[in-house]
There are 2 protein chains.
Amino acid sequence: MVAFTSKDVARAAGVSQSTVSYVMSGKRPISQRTRLRVLAAIEELTYEPNAGARALASQRTSVIGLVVPFGPAADTAGLLPFIETIASSARARDHEVLLVTADEGSAGLRRLAGRSLCDAIVLMDILAHDDRIPVAASLRVPVILIGVPDDPAGLPCVDLDFPMAARMAVDELAATGHDRLVFIGYSAGFMSRGFNFVRRFLDAAEAAADRHGIPHKTVAPVEWGRAAAEKAVDRALAGRRKGRLGLVVPHSTTIQPVLNALSARGVVPGRDISVIGLCTDATAAETEPPVSNISSEPRDVSRRAMQTLFQLLDSDGPTRPTIELVPPRYTRRRTTIPQP
Amino acid sequence: MVAFTSKDVARAAGVSQSTVSYVMSGKRPISQRTRLRVLAAIEELTYEPNAGARALASQRTSVIGLVVPFGPAADTAGLLPFIETIASSARARDHEVLLVTADEGSAGLRRLAGRSLCDAIVLMDILAHDDRIPVAASLRVPVILIGVPDDPAGLPCVDLDFPMAARMAVDELAATGHDRLVFIGYSAGFMSRGFNFVRRFLDAAEAAADRHGIPHKTVAPVEWGRAAAEKAVDRALAGRRKGRLGLVVPHSTTIQPVLNALSARGVVPGRDISVIGLCTDATAAETEPPVSNISSEPRDVSRRAMQTLFQLLDSDGPTRPTIELVPPRYTRRRTTIPQP
DNA sequence: TTGTAAGCGTTATCAC
DNA sequence: GTGATAACGCTTACAA
């Protein structure tokens with residue numbers, strides 16, 4: 001049970017091996033007659049080209065390396081839409097996806113490029129100061145970052161427009177007559193690990209609130225889990241008085257615990273208080289109650305990343321690097337008090 | 001910026017190319033002296049072997065193909081521990097992981113094997129009658145199933161021991177004096193898609209309850225989402241009277257909505273009613289309140305799958321196929337009423 | 001429009 | 001213990 005080769009196809013079709021190759025690649029004109037004979041033979045033998053041989057001869061693997069942030073640090077749920085979209089974008093261009101976990105660090109990157117395992121790399125979960133960036137920038141293959149480090153070292157980046165997300169949340173709460181805002185920050189672990197979208201978001205939120213002249217405070221850090229959320233909510237509600245209070249919760253997994261804590265204190269989201277979360281629409285629809293949200297658009301971000309990656313691959317001259325920020329969208333659901 | 005080859009290493013070390021190869025593979029004795037010279041040259045040039053060339057010459061790719069159930073059907077959160085464990089098991093044996101999404105169906109399998117993209121395949125999310133099984137069984141590479149189809153067609157399977165999980169839940173509730181049980185079934189979509197662990201679980205649960213002589217009913221199908229959970233809870237509570245009622249919720253994503261619905265009806269889990277869920281320990285710890293659970297052990301299941309896969313790969317004679325069922329564990333948390 | 005043949009970078013079989 | 005050298009299966013000049 002050994003696989004057929006292009007030689008077998010050539011013999012079966014009565015043509016040369018190169019003709020088989022050219023029929024498959026379309027890199028040279030083939031007469032209708034022979035093309036059909038070859039295709040018939042391919043069909044007949046259920047021939048599939050050997051990937052290793054092809055990579056060796058053509059110097060291109062048709063594989064995209066994907067470095068994902070697994071391990072305890074990962075936002076377990078939010079990751080899948082990224083992976084899924086990247087996988088399907090790759091398939092749409094006839095490429096495979098090779099999975100590498102981030103715990104391999106720079107070594108994984110070196111291996112991917114050094115062994116010619118892939119033609120390009122998608123690097124997720126970028127830190128502000130990320131050891132892997134200089135390594136990534138020195139590889140023989142193009143690398144695209146999902147996330148924006150302090151110094152991209154010439155590498156193209158794609159990410160959600162976090163400042164815009166923050167502004168949208170604040171603008172919305174301002175427009176619906178809120179006169180006090182609380183921003184629920186991220187966990188200390190997140191902060192210290194150096195995800196700088198945290199700062200980008202909070203800075204923009206505070207600036208926007210100032211611009212509207214709305215008093216605000218930021219409650220941070222907020223650890224992961226129920227207890228931390230309750231403490232944060234208590235701090236948010238401290239000294240609460242008349243008027244409309246708006247909460248902005250940018251960390252996806254903190255949203256539900258915050259909603260729970262509010263309900264437990266008899267403060268009903270959507271009636272007594274407004275809550276806007278930053279998360280995917282899918283996640284927002286599932287919270288109880290469904291949280292009004294700024295969408296984090298993992299699919300858009302991934303799609304854009306793959307687009308620019310394939311552009312780099314097509315025009316293999318080094319295009320000038322870009323930072324693409326994907327705009328979020330606001331969807332009002334059940335947790336925001338409507339206009340008076 | 002082109003990569004060095006083993007030829008370069010050979011020249012630098014003053015040996016032949018084959019010696020370099022043998023130093024790396026250890027497939028023949030090498031004198032200490034030349035070994036060190038070669039290793040130094042490798043280090044010096046940061047040489048890495050070309051994967052395509054190696055695959056071509058050795059007929060082994062050192063890649064494991066992983067077919068994952070993405071798309072709307074996927075249990076978005078529960079998937080990651082599988083992928084993560086499979087990835088790290090692969091790395092531990094110096095193998096890469098190639099990701100293929102299940103929406104490609106049998107075509108993905110054919111491509112994986114036909115193009116010699118991998119040495120072995122892990123197929124997840126197996127249906128009772130799965131079109132891919134006969135295809136998988138006919139491939140040139142070993143395939144292992146995570147899940148148990150009605151007819152494995154000679155392929156080895158690994159899965160959680162769902163009947164045992166059901167028995168453990170029922171035994172626990174029986175031991176703590178419950179005198180009525182309700183099993184919350186799965187969604188119609190799940191059922192019709194043919195996941196037979198559904199039936200395996202429910203059948204075993206009902207049998208166990210009968211064995212204990214405890215009256216029970218099964219509420220099914222239960223669709224995904226809040227509304228369906230509430231309806232199910234209402235049916236579960238219907239005609240409720242004195243005594244201890246125990247709920248068993250085998251669908252991971254249904255657990256939290258069920259807990260919410262109970263609380264909303266003033267029925268406190270762990271005081272007025274017992275709830276046992278089937279989910280990972282991580283998920284259980286995060287529910288509100290933390291649900292007593294039978295763990296679904298995705299890491300154990302994946303690890304076992306990779307173990308047997310590598311065994312197949314090592315002793316490439318076809319070992320006799322096995323069905324390995326991984327035992328779950330019970331952890332009491334906050335949702336079960338303790339012994340009187 | 002098609003065929004010939006020289007690689008691509010390894011591995012593994014012979015020799016020595 | 002080590003070195004030549006023939007595959008491995010494909011792509012792609014170069015010829016015709």
Side-chain angles (χ1 to χ4, degrees), chain A residues 2-39 41-42 45-63 94 96 111 113-119 140, chain B residues 2-39 41-42 45-63 94 96 111 113-119 140:
Chain A
V2 63
F4 288 110
T5 72
S6 65
K7 216 175 210 163
D8 299 317
V9 174
R11 191 177 314 121
V15 299
S16 78
Q17 202 178 8
S18 63
T19 299
V20 174
S21 175
Y22 284 119
V23 164
M24 300 203 69
S25 70
K27 286 190 182 177
R28 113 205 253 193
I30 301 281
S31 75
Q32 187 68 355
R33 185 174 138 67
T34 54
R35 148 174 290 113
L36 291 178
R37 293 165 60 90
V38 169
L39 290 176
I42 287 175
L45 304 181
T46 63
Y47 164 72
E48 303 231 32
N50 179 297
R54 182 174 263 189
L56 186 56
S58 66
Q59 310 281 44
R60 341 193 313 86
T61 61
S62 294
V63 170
D94 258 304
E96 309 293 333
R111 191 159 39 86
R115 303 197 160 183
S116 298
L117 282 163
C118 63
D119 296 334
R140 298 179 300 108
Chain B
V2 65
F4 288 110
T5 72
S6 63
K7 215 175 211 162
D8 300 315
V9 174
R11 192 178 312 121
V15 299
S16 80
Q17 204 175 5
S18 60
T19 299
V20 175
S21 176
Y22 284 118
V23 165
M24 300 203 70
S25 69
K27 287 189 181 176
R28 100 178 177 187
I30 301 281
S31 74
Q32 186 69 352
R33 185 175 139 67
T34 55
R35 150 172 290 112
L36 290 178
R37 292 166 60 90
V38 170
L39 289 178
I42 288 175
L45 304 180
T46 64
Y47 163 72
E48 302 231 33
N50 179 297
R54 182 174 263 191
L56 185 56
S58 67
Q59 310 281 42
R60 346 195 306 87
T61 61
S62 294
V63 170
D94 260 301
E96 309 293 331
R111 188 157 42 83
R115 303 197 161 185
S116 297
L117 281 162
C118 62
D119 297 334
R140 299 179 300 108

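Keep in mind the model is a prediction, meaning the values are calculated, not measured. Residue numbers begin at 1 in each chain, while the letters A, B, ... track the order of the sequences.
Distance from the side chain of B/Thr5 is smallest to C/dT10 among C/dT1, D/dC10, C/dT10.
Following rounding to the nearest Å, B/Lys27 (NZ) and D/dG1 (C1') show an atom-to-atom distance of 18 Å. To the nearest angstrom, P of D/dC8 lies 18 Å from CZ of B/Arg60. Going from atom CZ of A/Arg115 over to atom P of C/dT10 covers 10 Å, rounded to whole Å. Nucleotide D/dG9 holds its P atom 12 Å from the CZ atom of A/Arg11, rounded to whole Å. Summarising the geometry, the separation between CG on B/Leu56 and P on D/dT11 is reported as 12 Å, rounded to the nearest angstrom. When rounded to the nearest whole Å, the span between CD of A/Gln17 and P of D/dC8 equals 12 Å. Spacing between atom CE of A/Met24 and atom C1' of D/dG9 amounts to 13 Å, rounded to whole angstrom units. Rounded to a whole Å, the CD atom of B/Gln59 is 11 Å from the P atom of D/dC10.
Within 4.0 Å of A/Ser21, counting heavy atoms only, lies at least one base atom of the nucleic acid. Using a 4.0 Å heavy-atom cutoff across all strands shown, A/Ser18 reaches at least one base atom of the nucleic acid. Counting any heavy atom pair closer than 4.0 Å across all strands shown, B/Gln32 reaches no nucleic acid atom. At the heavy-atom level, A/Thr34 lies under 4.0 Å from the strands shown only through sugar-phosphate atoms. Here A/Val20 lies out of heavy-atom contact (under 4.0 Å) with every strand. B/Tyr47 comes within 4.0 angstrom of the backbone, heavy atoms only, and of no base.
By the 4.5 Å heavy-atom criterion applied to side chains, A/Arg11 and A/Asp8 are counted as neighbours. At a threshold of 4.5 Å between non-hydrogen side-chain atoms, the residues A/Ser62 and A/Glu96 do not count as touching. In this structure, the side chains of A/Asn50 and A/Thr5 stay at 4.5 Å or more apart for every pair of heavy atoms. Annotation: side chain of B/Leu117 is not in contact with side chain of B/Thr61 (no heavy-atom distance under 4.5 Å).
Dashed line: the shortest gap from a side-chain N or O of B/Ser16 to OP1 or OP2 of D/dA4 is not under 4.0 Å. Within the structure, a side-chain polar atom (N or O) of B/Ser31 is placed less than 4.0 Å from OP1 or OP2 of D/dT2.
Using a distance-only test at 3.5 Å, with no hydrogens or angles considered, a donor-acceptor pair links the side chain of A/Arg37 to the main chain of A/Ala13.
Toward the 5' end of DNA chain C, the nearer of the two residues B/Arg54 and B/Arg28, judged by each one's closest nucleotide, is B/Arg54. Ranked by how close their nearest DNA chain D nucleotide is to the 5' end, B/Ile30 and B/Ala53 are led by B/Ile30. Heavy-atom nearest nucleotides on DNA chain D were determined for B/Gly14 and for B/Ala57, and the one closer to the 5' end corresponds to B/Gly14.
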